[in-house]
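Computed from a prediction, not measured in an experiment: that's the story for all the values here. The figures that follow rest on heavy atoms only: side chains count, while hydrogens, waters and symmetry mates do not.
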Amino acid sequence: YMFAVSQMKDIKRVFMYHGAEHKSIFCYEKGLELTVENVRSCKRFHPRCGTSFIFIVLIISVLMSSLLLLIFPQLKDDSNRLLWMIIKVAGNLPVVTAISYEFIKYAGKHDNILTKILSAPGLWMQRITTKEPDDSMIAKKEGIVICVSGFPSGFKILINPIYIPP
């Protein structure tokens with residue numbers, strides 16, 4: 001489905017801007033000046049992308065749910081269906097989300113076998129959800145990163161102050 005949709009002209013353009021965003025972030029993280037040439041030389045696959053986050057949430061959710069069912073096999077009974085749903089939504093979802101968020105942060109800073117394995121599905125999906133941008137898209141995305149002072153220990157806000165018409 002995603003591959004088919006990615007072939008639509010307008011969606012392909014959105015995915016090209018997504019690629020420009022990733023390249024701009026990589027350029028900023030490398031400490032390079034945000035110029036078209038520098039941004040063009042950076043990768044378009046980013047380990048902390050929302051696409052990767054979705055896959056990490058999915059993987060962690062399956063692992064956590066399986067672990068809960070191994071620890072509490074009585075939750076498999078039909079008579080405990082409501083309890084299982086409450087545990088999954090109210091108890092498991094915040095834990096899964098928190099673990100996924102921390103893993104995405106970790107994966108952005110470390111390059112080891114665990115991060116490579118767990119990040120791979122999201123990076124593979126980025127082959128569909130990001131496309132190589134043209135220079136005009138990169139030029140618009142150069143203004144994306146604004147570092148805000150006054151926040152604790154290097155907190156940065158990433159915004160795009162440039163309006164991009166459809």
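The two residues Ile128 and Phe15 have their closest heavy-atom pair at O-CD1, 3.1 Å. Between Ser6 and Ile11, the shortest heavy-atom contact is CA-CG2, 4.0 Å. Leu75 and Trp84 get closest at one heavy-atom pair: CD1-CE3, 3.5 Å. Here the shortest heavy-atom pairing between Gly91 and Pro94 reads O-CD, 3.7 Å. In terms of heavy atoms, Ile56 sits closest to Leu118 at CD1-O, 3.0 Å.
Between the CD1 atom in Ile25 and the NE2 atom in His46 there is a gap of 6.5 Å [rounded to 0.5 Å]. Note that CD1 of Ile99 is 8.5 Å distant from CG of Asn92, once rounded to the nearest 0.5 Å. To the nearest 0.5 Å, the span separating CG on Leu93 from OG on Ser100 amounts to 9.5 Å. Note that SG of Cys27 is 10.0 Å distant from CD of Glu37, once rounded to the nearest 0.5 Å. Atoms CG and CD1, on Leu67 and Ile60 in that order, are 11.5 Å from each other to the nearest 0.5 Å. Here Ile87 contributes atom CD1 and Ser65 contributes atom OG; the two are 10.5 Å apart, rounded to the nearest 0.5 Å.
Counting heavy atoms from C-beta on, the side chains of Lys131 and Arg13 never come closer than 4.5 Å. Within the 4.5 Å cutoff, the side chain of Lys43 has no heavy atoms near those of the Lys23 side chain. Considering only heavy atoms from C-beta on, Pro47 stays 4.5 Å or farther from Thr115 through its side chain. Phe55 is not listed as a side-chain neighbour of Ser119, based on a closest heavy-atom distance of 4.5 Å or more.
Val57 and Leu63 fall within a single hydrophobic cluster, where Ile, Leu, Val, Met, Phe, Trp and Tyr side chains are chained together by heavy-atom contacts under 4.5 Å.
At least one donor-acceptor pair under 3.5 Å links the side chain of Asn80 to the backbone N or O of Gln74. With hydrogens and angles ignored, the 3.5 Å screen pairs no side-chain donor or acceptor of His18 with any backbone N or O of Val14. Remark: the backbone N or O of Met16 is not paired with any side-chain donor or acceptor of Glu132 at under 3.5 angstrom.
A salt bridge does not link Glu21 to Arg44: none of the charged side-chain nitrogens sits closer than 4.0 Å to a carboxylate oxygen.
Cation-pi geometry between Arg48 and Phe53 is not met at under 6.0 angstrom from the ring centre and within 45 degrees of the axis.
Centroid-to-centroid, the aromatic rings of His22 and Phe45 stay 6.0 Å apart or farther.
Residues Asp77 and Ser79 bring no donor and acceptor atom of their side chains to less than 3.5 Å of each other.
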Side chain to side chain contact (heavy atoms under 4.5 Å, CB included) evaluation trace for Tyr106 with Asn112: CA-CA 10 Å; Tyr106 179 83; Asn112 57 46; 3.0 Å; yes
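Within a 6.0 Å radius of CZ in Phe26, more than 12 heavy atoms belonging to other residues, nucleotides or ligands are found.
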